[in-house]
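Within every chain, numbering begins at 1; the chains are lettered A, B, ... in the order of the sequence lines, protein sequences first and strands thereafter.
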Protein chains: 2
Amino acid sequence: MATIYEVSKLAGVSLATVSRVMNNNANVSDATRKKVTAAMDELGYRPNSIAQSLASNCSNSVGLLVSELHGPFYGPMMSGIENTFRNQKKHLIIAAGHSNEEREKQGIEFLISRNCDGLILHVEAVSDDYLIKLSKSQVPFVLINRFISELSDRCIILNNIKGGYLATKHVLEQGHKQIAYISGPLWKKDAQDRLEGHKKALAEYGLPFDEQLLYQGDFMEASGFTGLKTLYQHAKPFSAVICANDEMATGAMASARELGLTLPDQLSIMGYDNVFFTRHVYPPLSTINYPINEMGKMAADWVLSHVYQKQTAPLQTVFEPELVVRQSITTNPQ
Amino acid sequence: MATIYEVSKLAGVSLATVSRVMNNNANVSDATRKKVTAAMDELGYRPNSIAQSLASNCSNSVGLLVSELHGPFYGPMMSGIENTFRNQKKHLIIAAGHSNEEREKQGIEFLISRNCDGLILHVEAVSDDYLIKLSKSQVPFVLINRFISELSDRCIILNNIKGGYLATKHVLEQGHKQIAYISGPLWKKDAQDRLEGHKKALAEYGLPFDEQLLYQGDFMEASGFTGLKTLYQHAKPFSAVICANDEMATGAMASARELGLTLPDQLSIMGYDNVFFTRHVYPPLSTINYPINEMGKMAADWVLSHVYQKQTAPLQTVFEPELVVRQSITTNPQ
DNA sequence: ACATAAAATGTAAGCGCTTACATTTATAAC
DNA sequence: GTTATAAATGTAAGCGCTTACATTTTATGT
């Protein structure tokens, strides 16, 4: 592989000049610029990005930590991020944290040790304090789907209270009066917020919130399954169940069928996230849209702006959810 | 950030010695090793991986090109790969090719320019010739889900003929006699192979293959939708349709319902890939398992072995599909 | 105690770039 | 034609490591 040295020799200029044309430095005459690019072409020269990084103290790489590389939620997020960065010649180093404190910390360590210029973090298990401490170290980072008030300017989040509110309001509007709720783990802020929105809608319709109709799940499919079963067997009757995410809604669907209920006639189910497979389940699931792809892009823009001083579209930290009506909610239940 | 120089000064040894303890070189006495690690701890030293890469001519990064970062197929593949590499302190740089020739080439260029030591490629649009030429350049790569005979030792593939065979055989065993087929784009080898397996099973049961019952799709959901509609309106009657992947099967399901058919009673549907949401559709889709996660791991092992000379489990290039029976196929259709 | 080999450590060059600073060349003003 | 100023180019010192080779220390055999 040709080096800058060989290019400079062929072009008959100094190393510095070659470097200047590479970096589009203004102070190069057209004539020499042409000589240099010609020499580059002739040699098939490609700059060594490692050497560039070492000399410029900028690796042009940004680290991304997500809980899982698979699963319906992270894919669209990564897509949005990758796209933005590739256009800017930055590259993405990806690691998985598996929603586990130790592994999330390891992942962050790993990315830092890889000289990332900035980090995009979707972490769940690591503590607020850890992140606040981290924010005082060298490497800048932005948080997706997590709010820490001390770090509020770098938290890209969804308005989950509103989302929870919209979901329940829709179900209420269809005439349901007995509504069960399967929440996420309530130590998580987003699970809390969604539930809070639910309560708010209930209150608005003059309905009391009933603890008996609440089941605390963990955002995973299985907990939707057992959640519905538990509610069905122990709680008072209900005509609709609202799930704090689509995975649990899916579990609840399976559970409902196992209980012999026909959907949606005998039970309406509402999801949250608008993960792509919600269109494909049967009946197609009504849910709340989580614009995760856009939020990924915004996180990338944040990095572009704060780390690389690039001009970007105005940064937005809180996104708004939207109701997506499909066919899992009946009107006027008996 | 402390450098190796400061560590060496604190420990009272030379740079080389510090480097040796970092790299676990055997020729370091226990006493000095201790001194050095103590100094490292005291300074909170972290080696600069960029400098290491430049000096050692090894970036410890491997590039991964997939068609999309989202979608049900690539997630599990990336997961398998990331996991293997992180344990080995290698890192993954990810780019998307979008099944488009230009973008795939760009992606490969991008990864190479990022000094990847090796590449894992899931490419669809780029030509065999291009890849053969690429194989003669510096950077080693392995191919997932693509077979090129000149490069056969670095192609990690599924036995798609067998998969196609298993799918059709299962449907035949349930008593179906009129079977439609929605294929992938037939310029793709995997689409061809799956269809070939289908024909083989038909032949084994003494049934002729009927061109009229074939629709050529493009592996995307929409083509499953229009495919079924087209077949239904123009072809002779059939009691089952086999789709060359799950996405198209999903489209076919939606289409069937729109045609007023109840599933699976009036139409059996078979998928391929065993993408995770196939459990969630209704009726749960019978399909062929594609062990993409394992294949991803194998690709990572290939790189570990060929690029980094690591000892790995024996390499396997062709994987076997398996039938997954769920509830989308009826028995003894009328 | 000595010679000899093996183990431990040090020296210094170099990986391929960037960039501050110095120098040369072109341009403008008089 | 000078001189002042700006533009273009060159020089050389790093960036933080690895590693071939040289040197010193330690262990081994007699």
Subject >> Rounded to 10 degrees, the angle between the two terminal axes of the helix from dA1(C)-dT30(D) to dC30(C)-dG1(D), each from five pairs >> reply: 30°
Subject >> Pairs meeting criterion salt bridge (Lys or Arg N to Asp or Glu O under 4.0 Å) with involvement of residues 129-139 of chain A, two or more places apart >> reply: none
Subject >> Set of residues satisfying ring pair (Phe, Tyr, Trp, His ring centres under 6.0 Å) with respect to Tyr74(B), sequence neighbours excluded >> reply: His122(B)
Subject >> ring pair (Phe, Tyr, Trp, His ring centres under 6.0 Å) involving Phe219(A) - partner list, sequence neighbours excluded >> reply: none
**OP:** Select base, sugar-phosphate, or nothing to describe what Val18(B) touches, counting heavy atoms under 4.0 Å on all strands.
**Re:** nothing
Original post:
DNA chain C: Thr17(A) or Thr17(B), which has the more 5' nearest nucleotide?
Top reply: Thr17(B)
Original post:
Quick one, which residues of residues 48-58 of chain B touch DNA chain C with a heavy atom under 4.0 Å?
Top reply: Leu54(B), Ala55(B)
Original post:
Who pairs with Glu124(A) by salt bridge (Lys or Arg N to Asp or Glu O under 4.0 Å), at least two apart in sequence or on another chain?
Top reply: Lys188(A)
**OP:** For Lys105(A), enumerate each residue passing the salt bridge (Lys or Arg N to Asp or Glu O under 4.0 Å) test, keeping only those at least two apart in sequence or located in another chain.
**Re:** Glu101(A)
Subject >> Contacts of type side chain to side chain contact (heavy atoms under 4.5 Å, CB included), residue Pro72(B), not counting sequence neighbours >> reply: Phe276(A), Glu247(B), Val275(B), Phe276(B), Phe277(B)
Subject >> Test salt bridge (Lys or Arg N to Asp or Glu O under 4.0 Å) applied to Lys189(A) - qualifying residues, sequence neighbours left out >> reply: Asp193(A)
Original post:
Who pairs with Glu109(B) by salt bridge (Lys or Arg N to Asp or Glu O under 4.0 Å), at least two apart in sequence or on another chain?
Top reply: Arg46(A)
Validation: residues 4-11 of chain A side-chain donor-acceptor distances under 3.5 Å, sequence neighbours left out:
residue, atom, partner, partner atom, Å
Glu6(A), OE2, Thr3(A), N, 3.4
Ser8(A), OG, Tyr5(A), O, 2.7

**OP:** Measure the shortest side-chain to side-chain distance between Ile81(B) and Val303(B) over non-hydrogen atoms and say whether it is less than 4.5 angstrom.
**Re:** no
Original post:
Contact class for Ser19(A) (heavy atom, under 4.0 Å): base, sugar-phosphate, or nothing?
Top reply: base
Original post:
Quick one: how far along DNA chain D does chain A reach, first to last nucleotide 5' to 3', anything under 4.0 Å to a heavy atom?
Top reply: dA8(D) to dG16(D)
